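Some notes on the structure that comes next.
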Amino acid sequence: MSDQERVHYRTCHLCEAICGVEIRARGDQVVSIRGDDQDPFSRGHICPKAVALKDVHEDPDRLRHPVRRTDTGWQRISWDEALDEAAMRLVEIQARHGRDAVATYFGNPQVHSYSALLGGTALARALKSRNRFTATSVDQLPHHFAAYFMFGHQLLLPVPDLDRTHFLLAIGANPVVSNGSLMTAPDVARRIKSIRQRGGRVVVVDPRRTETARIADAHHFIRPGTDALLLLAMLHVVFQEGLDKPGRLAGLLDGSDVLRDLCRGYPPERVETATGVAAGDIRRLARDFAGAASAVCYGRMGASTQRFGALVQWLVQALNVVTGNLDRPGGAMFTRPAFDALGLATGLGQRGSFGRRRTRVRGLPEFGGEFPVAALAEEILTPGDGQVRALVTAAGNPVISTPNGRRLDTALASLDFMVSVDFYVNETTRHARLILPPTFALERDHYDLIFHALAIRNTAKYSLPLFQPEPDARHDWQIFAALKERIESRDPARRETLRRRLTSRWLTPRRTLALGLRFGPYGARWNPLSPGLTLSRLATQPHGIDLGPLQPCLPGRLATPEKRINLSPEPLVRDMTRLEAWLGAATMARNGELLLIGRRDLRTNNSWMHNSQRLVKGPRRCTLLMHPGDAARRAIADGSIAEIRSRTGAVRAVVELSDDVMPGVVSLPHGWGHDRPGVQLRVAGAHAGVSVNDLTDEHALDELSGNAALNGVPVVVAPAADPPPAALA
Ligand code: SF4
């Protein structure tokens with residue numbers, strides 16, 4: 001190691017797995033990145049994406065200064081100029097058109113920075129607009145919905161106790177590629193293989209034989225959007241055969257009889273045609289699950305982003321509960337994180353909310369203070385009182401990641417004003433008048449507020465910055481705080497008292513984190529002699545600390561008023577009517593339509609990592625997976641170009657034939673489509689692909705929760721008639 005080379009340990013913040021990395025750096029350059037063998041949770045594991053830490057840090061396309069869009073292109077401006085203009089325009093628009101005329105959209109990377117999460121929330125509060133949108137409603141909203149109604153809080157999310165379970169049933173989840181989601185589990189493939197090595201079983205239910213299915217004992221194809229029926233039939237068998245044994249939790253359950261009655265109507269034979277899963281397989285699966293020494297059912301993206309996402313997540317947890325697998329080792333358990341956001345929220349009496357208000361145009365319900373993002377375009381495009389005329393985005397690319405992205409693209413172009421806290425000129429931010437780029441993660445400290453709280457082991461880790469930011473750079477929270485202060489100072493009605501102003505200035509994200517750790521479950525509290533956790537002590541442990549396996553915690557941690565579990569929440573029971581009607585109408589693929597599903601790739605994580613050459617090189621990734629039988633009927637050959645058409649649009653993609661995908665189903669990955677004018681992502685532009693969200697439909701929702709139904713989209717696929725666009729040739 002040369003004199004200047006230094007070694008730095010931190011958490012990779014790129015996905016939910018929170019792997020420890022060892023980074024060697026010289027000057028402001030990353031020399032190498034490898035797994036941190038001493039990280040007690042990830043134990044040296046990393047995935048190929050970790051190199052993106054270097055690539056994004058050094059990316060010449062990454063903005064390092066605020067810019068303003070002008071007729072002649074992007075113009076560099078000072079921070080003061082940018083922040084003043086942003087605050088002035090937002091306040092002016094709200095003064096003229098009302099508070100709701102300004103909307104916010106925060107993307108997924110926002111939750112991978114604790115300071116952005118805290119700072120962004122404070123800014124959204126200061127704006128006082130009801131029009132708040134995030135990526136939650138194209139992702140995990142149904143999980144929060146089920147948790148809110150069953151356990152009393154939207155953050156009380158059970159995670160699979162992967163390291164101790166004897167049976168993992170994964171529905172619509174592909175952790176081997178996603179690296180685990182709402183289940184923080186670094187090196188998840190090894191952990192899943194270990195289940196089998198210790199004599200357990202792993203079963204995957206998915207319309208595609210996924211990478212996870214390949215290391216499982218069994219895989220069952222299922223028609224997209226029918227997982228709720230499968231779960232009802234499994235519960236039917238459990239109840240009918242007397243396999244229900246909620247054990248320790250029996251005395252805490254409300255609504256068991258209602259659930260039992262509901263499931264009576266779903267024998268496996270009734271749902272086998274709709275689901276595509278043979279009745280015998282459903283019966284066997286239910287018996288094996290209920291009979292395992294411990295078992296956990298885990299439903300993720302494919303099970304959430306569909307028409308019955310909330311029903312699925314409810315029934316997933318209901319299955320865990322009635323088979324005695326909630327809150328016990330090897331089952332679905334609750335993390336006890338060092339920074340306990342759930343404990344803080346319940347302590348403050350905040351449980352979350354549902355349906356307190358509705359969107360102006362379509363009347364969609366809020367959840368947790370947010371509206372479904374599928375409504376954003378129409379809220380911008382529909383004139384009238386409360387029309388959205390300005391937008392603040394942060395770390396998001398909704399043109400690529402939300403349903404009917406083309407319509408949103410058009411809507412954003414019509415805004416009076418848009419400001420983006422982002423360091424890329426991407427498909428969304430190209431519409432902004434101002435872009436305010438924050439530092440990248442290696443220039444900031446880091447603690448995973450969210451993903452420690454969803455981890456399959458209790459751990460904590462705090463990472464210091466690796467690089468000094470440039471003198472003129474701003475961290476995400478500093479941008480949010482500066483905007484907030486300017487907005488408040490321009491509007492007397494919003495001005496806080498001097499005391500509150502000083503408090504919010506003092507309470508930086510880092511101090512909030514320090515207080516949360518000190519007064520959290522493992523904290524030192526006020527006692528100076530206590531060996532308990534503080535931020536400064538955690539900072540001396542660059543590899544992180546292990547706080548032990550998950551522990552049973554119910555009923556103590558339940559947030560329902562009587563500390564009971566509601567097995568049959570009324571809104572979910574009522575939504576069964578919709579499922580029944582849908583089943584009756586047999587809205588399966590028809591008229592030659594196929595059902596489109598998404599998929600993940602180990603080398604990508606949403607859209608923003610496509611500007612790393614090392615992650616996009618190699619075989620083409622944005623292909624249409626299609627079953628050979630479906631292709632033959634349409635005279636489509638492997639490697640040819642097909643046109644895929646839905647209600648909302650059409651795209652062309654190279655076809656990859658595979659019997660890994662169920663007949664009647666096609667699959668396109670998410671996050672591509674970088675060939676739009678004005679995007680300044682050179683690598684991504686050269687590997688543009690097409691956006692699956694040009695095909696998804698903003699009107700296809702889980703009507704109960706408002707989550708987008710990104711999977712199970714009816715499409716027509718045909719050979720492309722005329723010469724392919726250059727991007728596909
Ligand atoms: S699995 Fe996720 S956290 Fe781990 S190295 Fe890969 S991107 Fe980073």
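This one's a predicted model, so the numbers in the text were calculated from it and none came from an experiment. Indexing begins at 1, ligand by ligand and atom by atom, following the structure's order.
Listing protein N, O or S atoms at distances below 2.8 Å from atom 8 (Fe) of ligand 1, with waters left out, gives Cys12 SG.
No side-chain donor-acceptor contact under 3.5 Å links His45 and Arg43.
Asp660 and Arg208 are not joined by a salt bridge, as no carboxylate oxygen comes within less than 4.0 angstrom of a charged side-chain nitrogen.
Contact record, Leu624 with Leu668: CD1-CG, 3.8 Å, taken as the closest heavy-atom pair.
Residues passing the side-chain contact (heavy atoms from CB on, under 4.5 Å) test with Val202, sequence neighbours excluded: Leu168, Ile192, Ile195, Arg196, Ala216, Asp217.
Sequence neighbours left out, not one pair with a member in residues 177-212 passes ring pair (Phe, Tyr, Trp, His ring centres under 6.0 Å). The ring pair (Phe, Tyr, Trp, His ring centres under 6.0 Å) analysis of residues 161-190, with sequence neighbours excluded, yields the pairs Phe167-Phe289.
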